[in-house]
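Take a look at the structure set out below.
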Amino acid sequence: MGAGGVIPPPATYFEKVQAVVKKYDILFIADEVICAFGRLGTMFGCDKYNIQPDLVSIAKALSSSYMPIGAMLVGKEVADVVLSESNKLGSFAHGFTYSGHPVACAVALETLKIYKERNLVEHVQNISPLFQDGMRELAKSPIIGEMRGTGLIMGVEFTDNKSPSDVFPPEWGVGTYFGAQCAERGMLVRVAGDTIMMSPPFIMKPENFQQLIHIFGEALKSTEERIQYLKSQSNK
């Protein structure tokens, strides 16, 4: 889950889910809008978690976000049903006003070509430990309840005393304050309540990660000081 705070699945989650949907003949739809095309160090998130989906939704990195485009990959079993019924009832009249837009499709094709030419999936595999390991050095902070992620995506959740159930008062705006501290230092992060989400670009170099971690650490220190001040005020 990405927008919910970057929550990776437990080790056997998808294995067990697939067993259930297969038993009851339920289609498995994989949302690869965030994970597809290298974000996790594999071409698809399904590759990383050994998922065999019936349908896959993709977007975002399909064009590296230079053009708006999304697509649905359909497995043969589903496609055969659509085709056979279309032959009986007429064409499957489903589409959107801008489906197959030639400019968006041209950008997507060139994007996929660049991914392959520059070996970007392998590049992510090589550089992501710099991001994951470097960030986790900051996890000992007393205001970080959990740090989670894989590849080039991470979520950091702020809580008091490192307890997941001991959240900060919403009016303190801890996540918003932290995001502003990052912005002042030239780095943008996504803020969702008191959870921070980051998805660095694939072209990052080691020195870029050093800068990212340095800025994050400075903003973290400033946020810790802010929380100490708010606690002192609330105790008066």
Side-chain angles (χ1 to χ4, degrees), residues 1-9 30-42 44-45 48-49 57-70 111 120 123-124 127-160 162 164 167-205 207-227:
M1 181 184 292
V6 185
I7 304 175
D31 179 359
E32 289 268 12
V33 169
I34 291 176
C35 298
F37 308 112
R39 175 61 56 187
L40 306 186
T42 52
F44 293 94
K48 183 176 182 68
Y49 294 107
S57 60
I58 54 177
K60 294 185 186 294
L62 178 57
S63 68
S64 193
S65 295
Y66 284 106
M67 284 291 291
I69 184 171
T111 299
L120 283 179
H123 178 65
V124 171
I127 65 172
S128 57
L130 298 175
F131 175 53
Q132 293 292 332
D133 296 344
M135 284 295 300
R136 291 179 198 282
E137 289 293 319
L138 302 173
K140 59 182 177 293
S141 167
I143 68 169
I144 293 181
E146 187 175 21
M147 190 176 281
R148 50 188 180 257
T150 184
L152 289 183
I153 186 168
M154 175 168 281
V156 179
E157 189 170 349
F158 293 133
T159 63
D160 200 9
K162 304 189 75 66
V167 299
F168 293 111
E171 60 270 21
W172 285 11
V174 172
T176 301
Y177 181 85
F178 176 86
Q181 291 301 305
C182 286
E184 284 184 10
R185 293 165 172 81
M187 183 172 77
L188 298 179
V189 296
R190 181 176 180 179
V191 178
D194 285 346
T195 298
I196 305 301
M197 293 169 278
M198 295 186 294
S199 299
F202 295 178
I203 57 174
M204 293 278 280
K205 297 178 180 179
E207 56 268 28
N208 300 137
F209 284 115
Q210 292 173 5
Q211 185 180 18
L212 180 155
I213 294 165
H214 175 72
I215 292 175
F216 194 101
E218 285 193 339
L220 183 62
K221 182 179 179 181
S222 179
T223 304
E224 290 172 352
E225 293 171 351
R226 172 68 176 171
I227 289 172

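Just so you know, these numbers use all the heavy atoms, side chains as well, and skip hydrogens, waters and symmetry mates.
Partners of Thr159 by side chain to side chain contact (heavy atoms under 4.5 Å, CB included), not counting sequence neighbours, listed by chain and number: Glu157. Among residues two or more places apart in sequence or in another chain, the salt bridge (charged side-chain N to carboxylate O under 4.0 Å, His left out) test is passed with Glu184 by none. Take Phe178 and apply the ring-ring contact (aromatic ring centres under 6.0 Å, His included) test, not counting sequence neighbours, and it matches Phe158, Phe216. Partners of Phe44 by ring-ring contact (aromatic ring centres under 6.0 Å, His included), not counting sequence neighbours, listed by chain and number: Phe37. A search for side chain to side chain contact (heavy atoms under 4.5 Å, CB included) contacts involving Arg136 returns Gln132, Met147, Met154, not counting sequence neighbours.
In this structure, Arg148 contributes its side chain and Val6 its backbone to a donor-acceptor pair below 3.5 Å. Lys60 contributes no side-chain N or O that, together with a main-chain N or O of Ala36, makes up a donor-acceptor pair within less than 3.5 Å. Judged purely by atom type and a 3.5 angstrom limit, Gln181 has no side-chain atom pairing as donor or acceptor with the backbone of Leu220.
Counting heavy atoms from C-beta outward, Ile213 and Leu130 have side chains that stay 4.5 Å or more apart. Counting heavy atoms from C-beta on, the side chains of Asp160 and Trp172 never come closer than 4.5 Å. Put simply, the side chain of Val156 reaches to within 4.5 Å of the side chain of Met135, judged on heavy atoms. Side-chain contact between Phe168 and Ile143 is present, with at least one heavy-atom pair separated by less than 4.5 Å. Residues Ile215 and Gln211 are in side-chain contact: their nearest non-hydrogen atoms beyond the backbone lie under 4.5 Å apart.
Counting all heavy atoms, side chain and backbone alike, Leu188 lies closest to Ala183 at CD2-CB, 4.3 Å. Contact between Ile144 and Lys162 at its shortest, heavy atoms only, is O-NZ, 2.8 Å. Taking both residues in full, the closest heavy atoms of Leu212 and Pro200 are given as CD1-CG, 4.1 Å, listed atom of the first, atom of the second, then distance. Across all non-hydrogen atoms, the minimal contact from Arg185 to Ser222 is NH2-CB, 4.3 Å. The two residues His123 and Phe202 come nearest to each other via the heavy atoms CD2-O, 2.8 Å. For Ile34 against Ile153, the heavy-atom pair with the smallest separation is CG2-CD1, 3.8 Å.
In this structure, Glu218 places its CD atom where more than 12 heavy-atom neighbours from other residues, nucleotides or ligands lie under 6.0 Å away.
Interatomic distance, CE of Met198 versus CG of Leu152, reported as 10.5 Å (0.5 Å rounding). To the nearest 0.5 angstrom, Gln210 atom CD is 10.5 Å from Met204 atom CE. The line from CD1 of Ile227 to OG of Ser141 is 7.5 Å long, rounded to the nearest 0.5 Å.
Residue pairs meeting the side-chain hydrogen bond (donor to acceptor under 3.5 Å, both in side chains) criterion with at least one partner in residues 190-200, sequence neighbours excluded, do not occur; the list is empty.
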